[in-house]
Structures are given as C-alpha cells and as structure tokens.
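Only one structure is covered here, and it is reproduced in the block below.
Below, each value reflects all heavy atoms present in this structure, side chains not excepted, and no hydrogens, waters or symmetry copies. Nothing here was measured: the structure is a model prediction, and the numbers come from that model.
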Amino acid sequence: MITQDDDHHYMAKALACAAKGRYTTDPNPRVGCVLVKNNRMIAEGWHKKAGEGHAEVEALKKTTEAEGSTAYVTLEPCCHQGKTPACSEALIKAKVARVVIAMQDPNPLVAGKGIKKLQQAGLIVCCGVLEQDAKVLNKGFIKRMEQGLPFIQSKLAMSLDGRTAMASGESKWITGVDARQDVQRLRAASSVILTGINTVLEDDPSLNVRLDEPALQPIRVILDSRLQMPITAKMVSLAGECWILSCSDDDVKKQALESVGFKVYSLPEKKGRLDLKQVFLFLAKQQVNQVLIEAGGILNGALLETRLVDEWVVYMAPVILGDQARGLFHLPKLQTMIDKKQLTLQNIRQIGKDIKLTFSR
C-alpha cells in the first residue's frame with residue numbers, strides 16, 4: 001500500500017527529473033514524471049525541449065508495465081493537442097491507475113481540464129503533493145500565465161562597502177571564479193538577459209551562457225531609448241538572438257542595426273525613456289518566462305523605484321573599493337530615512353570566497 005511518505009518520495013524524484021530540463025525547456029515549463037508499480041520505480045522521463053516529448057510520454061516510452069501503475073507528475077498533464085499529443089490521453093491509453101500531481105497547470109488551456117479528463121476516465125487523481133517545490137521550479141512560467149509578466153531577477157556584484165565598480169567604470173572582477181560560475185547558471189535558467197545601453201557602451205558585454213552542459217542561449221535584450229547601440233557590439237556576432245527595445249523613431253538607425261542582425265522593437269515611452277512596465281509586458285507576450293537583469297546603477301535604481309523586480313541576487317565580495325567607487329543603485333530622490341527602500345532577505349550562502357544574498361521585494 002502506498003503511503004503519503006511514498007508519494008512525497010516519488011514526487012521528489014519526479015521534481016529531480018524536471019530539474020534536468022532547467023536550461024533547455026523554455027518557453028515551456030520544466031516537468032518530470034516517474035512511473036511506480038508495486039512500490040518500485042519502473043520508468044522516468046522529463047521534458048527536454050519545446051517541441052519534443054512531454055515528461056509523461058517520455059516515461060511511458062521506457063516501460064511496458066505501465067498498466068495499473070501510479071504516475072507522479074510535477075505539473076497537471078495537458079489535455080490539448082499542441083506540438084505533441086495530449087499527455088492525459090497518453091496516461092489513459094496506457095491504463096495507468098493513479099496519477100499524483102504536484103500542482104495544477106496555470107495555463108488557461110489546461111487549468112484543471114487535464115485533471116477532469118483523467119477522473120472522467122476512471123483514474124484516481126491526487127493533486128498538491130510537494131506543490132511549493134513545483135512552483136519554485138516554474139516560477140517564471142506561473143507568473144507569466146497568472147499575471148502576464150515574466151519573473152524578474154536582477155543580479156548585482158558588490159564590494160563589502162556596497163560598491164559595484166570603480167569611478168572609471170572598471171568592474172572586472174569584484175567577485176571570484178566560483179561566484180561568476182554561479183552567475184552562468186542564473187543566466188542559463190533565464191529566458192532573457194537584459195541590460196541598459198550604458199552598460200553596453202562601457203563594457204561591450206557578451207551576455208551569453210558559458211557552461212559545460214546543454215543550455216539554450218537566452219535572448220539578449222538591450223534597453224536603448226535613443227538607438228545608441230553600436231553595430232560593432234560583440235554580442236551580435238555570438239550565438240543567440242539580440243533584441244533592442246527603443247522608443248526612438250529613427251528609421252535610419254533602426255535599419256542599420258537590423259542589417260547586422262539585431263531585432264529592433266518600438267515600445268511606449270515614459271518621460272522620454274522606455275516605460276519599464278511596458279517592457280516586461282512586451283517580453284511576456286513573446287513567451288518570456290524569466291528575465292535576468294545585469295545592469296548598472298541607473299537602470300537598477302529605476303527598477304527599484306518601480307518595484308517590478310521579484311528577486312535581487314547580490315554577490316558580495318570581501319574587498320573594499322572606496323568612497324569614490326560607484327554604488328549599486330542611482331537613487332537621487334532618496335533624501336530621508338522615511339524614503340528608504342526595504343527588501344526582504346530570502347537566502348544567504350557562501351560561494352567560494354564570496355557571499356550570495358537573495359532578496360525579494
């Protein structure tokens with residue numbers, strides 16, 4: 001007889017399977033499936049890439065013993081035909097007896113319909129096992145489906161005295177190798193890496209993923225209100241797409257940038273600059289689940305004012321840069337303590353010689 005502890009045990013295994021697709025499934029959610037019969041795991045599967053088999057189908061392909069088994073799935077099985085067949089139908093056809101689901105799918109195309117279809121076919125369905133863990137795994141997909149916005153992270157690196165670069169702009173390297181490798185994993189888990197034009201003009205960054213494991217290259221997005229982007233920027237020659245979001249109507253500059261490979265989009269302005277809320281609404285409409293911001297104090301200050309960022313990831317190095325160095329946020333309007341910005345510490349851990357601090361708004 002399967003107990004609640006068994007359900008938690010096997011769902012944890014399904015979540016571990018789902019996590020294997022952390023860097024490759026975008027824009028689809030990360031989903032894992034484990035098939036269990038007679039308290040023995042008989043197959044596992046996970047969604048690897050958009051357009052390829054979903055987790056349930058991948059697991060069913062690996063066994064001939066699915067009849068009468070229990071399927072542990074981290075997200076409600078889909079019930080509609082997309083690029084791949086409906087997973088609920090595949091489970092029914094395989095004569096699975098019971099389906100344990102971590103969380104209901106927030107996608108309106110599914111949203112309870114998959115569960116209902118399974119129940120109508122006579123399968124026993126249990127939902128909500130390790131639900132919070134499943135939500136963390138797909139926080140970007142969930143937010144996009146529920147709020148029409150991506151999950152937004154900003155990554156910053158600072159010295160012990162809260163400085164992010166020397167007065168000249170020099171910033172390589174504040175943190176150590178281990179912290180910089182951790183940033184690569186943050187990048188790989190993101191749909192988009194976003195920065196401002198000032199960072200591009202000063203640093204000419206690559207903003208790409210450099211890992212030894214398979215990962216989709218996130219789209220590089222530059223906020224460039226006046227279309228100052230150099231056509232010789234390093235990033236346009238690298239693998240992956242580069243988008244420029246602008247409120248300029250200069251068609252000559254736009255055509256020059258598009259001729260070398262940039263995609264240029266015109267968005268609404270606010271006081272002569274891009275409207276940041278409209279930026280993220282636009283990205284969500286392009287099926288962007290998760291945005292990682294790597295920018296300087298001006299853009300981060302503007303984002304802090306808007307409260308659009310869900311999570312601030314700050315790497316703190318045990319170095320001192322001095323009072324002439326640049327701060328993390330440009331916030332000239334803050335004059336009194338009553339105006340201070342409050343964040344909530346979520347997590348702290350050591351990475352190599354540095355400290356990683358994670359805050360929510």
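Here the side chains of M229 and V200 are in contact, with some heavy-atom distance below 4.5 Å. Between T70 and V100, some side-chain heavy-atom pair lies under the 4.5 Å cut-off. No side-chain heavy atom of L223 sits less than 4.5 Å from a side-chain heavy atom of I197. Under the 4.5 Å side-chain criterion, counting only non-hydrogen atoms from C-beta, V96 is not in contact with L118. Inter-residue side-chain proximity for P77 and L91 is flagged as met; some heavy-atom pair is nearer than 4.5 Å. Contact of the S206 side chain with the L238 side chain is registered, since non-hydrogen atoms from C-beta on lie closer than 4.5 Å. Residues L257 and L227 meet the side-chain proximity criterion, which asks for heavy atoms closer than 4.5 Å. With a 4.5 Å cut-off on side-chain heavy atoms, Y72 and D7 count as touching.
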Requested in this report: Begin with the C-alpha distance, continue with both residues' side-chain angles, and end with the deciding distance and a verdict on salt bridge (charged side-chain N to carboxylate O under 4.0 Å, His left out) for D182 and K155.
Outcome: CA-CA 11 Å; D182 194 64; K155 182 277 295 182; over 6 Å; no

Query raised in the report: Can D26 and T24 be said to form a side chain to side chain contact (heavy atoms under 4.5 Å, CB included), step by step?
Result: CA-CA 6 Å; D26 216 61; T24 59; over 6 Å; no

Query raised in the report: How far apart are the C-alpha atoms of E58 and K48, what are their side-chain angles, what is the distance that settles it, and do they pass the side chain to side chain contact (heavy atoms under 4.5 Å, CB included) test?
Result: CA-CA 10 Å; E58 291 299 304; K48 294 175 181 151; 4.3 Å; yes

Query raised in the report: Can you list the steps and then say if I222 with L207 is a side chain to side chain contact (heavy atoms under 4.5 Å, CB included)?
Result: CA-CA 10 Å; I222 297 87; L207 298 182; 5.6 Å; no

Query raised in the report: Checking salt bridge (charged side-chain N to carboxylate O under 4.0 Å, His left out) for the pair K143/D310: CA distance, chi angles, key distance, verdict?
Result: CA-CA 10 Å; K143 188 182 175 193; D310 297 288; 2.7 Å; yes

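Summarising the geometry of V221 relative to V192, their closest heavy-atom pair is CG2-CG1, 3.7 Å, with the distance given to 0.1 Å. Taking both residues in full, the closest heavy atoms of L75 and P29 are given as CD2-CG, 3.6 Å, listed atom of the first, atom of the second, then distance. What you find for R361 and T344 is that their closest heavy atoms are O-OG1, 4.3 Å. Smallest separation of non-hydrogen atoms from L137 and A18: CD2-CB, 3.3 Å. Here the shortest heavy-atom pairing between A43 and A59 reads CB-O, 3.4 Å. T74 approaches A102 most closely through the heavy-atom pair O-CB, 3.2 Å.
K13 NZ: 12 or fewer foreign heavy atoms inside a 6.0 Å radius. Under a cut-off of 6.0 angstrom, the local environment of CD in Q350 is crowded, with over 12 non-hydrogen atoms contributed by other residues, nucleotides or ligands. Counting non-hydrogen atoms of other residues, nucleotides and ligands closer than 6.0 Å to CG of D339 gives a total above 12. The environment of NZ in K93 is sparse: at most 12 heavy-atom neighbours from other residues, nucleotides or ligands sit within 6.0 Å.
A donor-acceptor pair under 3.5 Å is formed between the side chain of S237 and the backbone N or O of K234. Between the side chain of E76 and the backbone N or O of I115, at least one donor-acceptor pair lies under 3.5 Å. The main-chain N or O of R30 is found under 3.5 Å from a side-chain atom of N138 such that the two form a donor-acceptor pair. Side-chain N or O atoms of Q184 include one that pairs as donor or acceptor with a backbone N or O of R210 at under 3.5 Å.
Between the side chains of S360 and Q346, at least one donor N or O lies within less than 3.5 Å of an accepting N or O.
Annotation: the span from R163 atom CZ to I174 atom CD1 amounts to 11.0 Å, rounded to 0.5 Å. Separation of atoms CG (L194) and CD (Q153) is listed at 13.0 Å; rounding is to 0.5 Å. A distance of 10.0 Å separates OG in S248 from CD in E269, rounded to the nearest 0.5 Å. Summarising the geometry, atom CD1 belonging to I244 is positioned 11.5 Å from atom OG belonging to S225; distances are rounded to the nearest 0.5 Å. Summarising the geometry, atom CD belonging to Q290 is positioned 8.0 Å from atom CD belonging to E311; distances are rounded to the nearest 0.5 Å. Once rounded to the nearest 0.5 Å, the distance linking CG of L283 with CD1 of I219 reads 8.0 Å.
Salt-bridge check for K62 with E44: failed, with every basic side-chain N at 4.0 Å or more from each acidic carboxylate O. A salt bridge is absent between K333 and E305: the closest approach of a Lys/Arg side-chain nitrogen to an acidic carboxylate oxygen does not fall below 4.0 angstrom. Of the charged side-chain nitrogens involved, none lies within less than 4.0 Å of a carboxylate oxygen, so that R180 and D354 do not count as a salt-bridged pair. Checked for salt-bridge contact, R187 and E294 meet the test: a charged N lies under 4.0 Å from a carboxylate O. The pair K353-D178 does not meet the salt-bridge criterion, since no charged nitrogen lies less than 4.0 angstrom from a carboxylate oxygen. Of the charged side-chain nitrogens involved, none lies within less than 4.0 Å of a carboxylate oxygen, so that R226 and D250 do not count as a salt-bridged pair. Salt-bridge check for K117 with E89: passed, with a basic side-chain N closer than 4.0 Å to an acidic carboxylate O.
The ring of F262 has its center no closer than 6.0 angstrom to the ring center of W243.
A side chain to side chain contact (heavy atoms under 4.5 Å, CB included) with D275 is found for one member of K277, K271, R273 and no other, namely K277.
Within the structure, every pair that satisfies the ring-ring contact (aromatic ring centres under 6.0 Å, His included) test and touches residues 292-319, not counting sequence neighbours, is listed here: W312-F329.
For E65, the side-chain hydrogen bond (donor to acceptor under 3.5 Å, both in side chains) test picks out R40, with sequence neighbours left out.
Ring planes of F282 and Y265: tilted class, angle from 30 to 60°.
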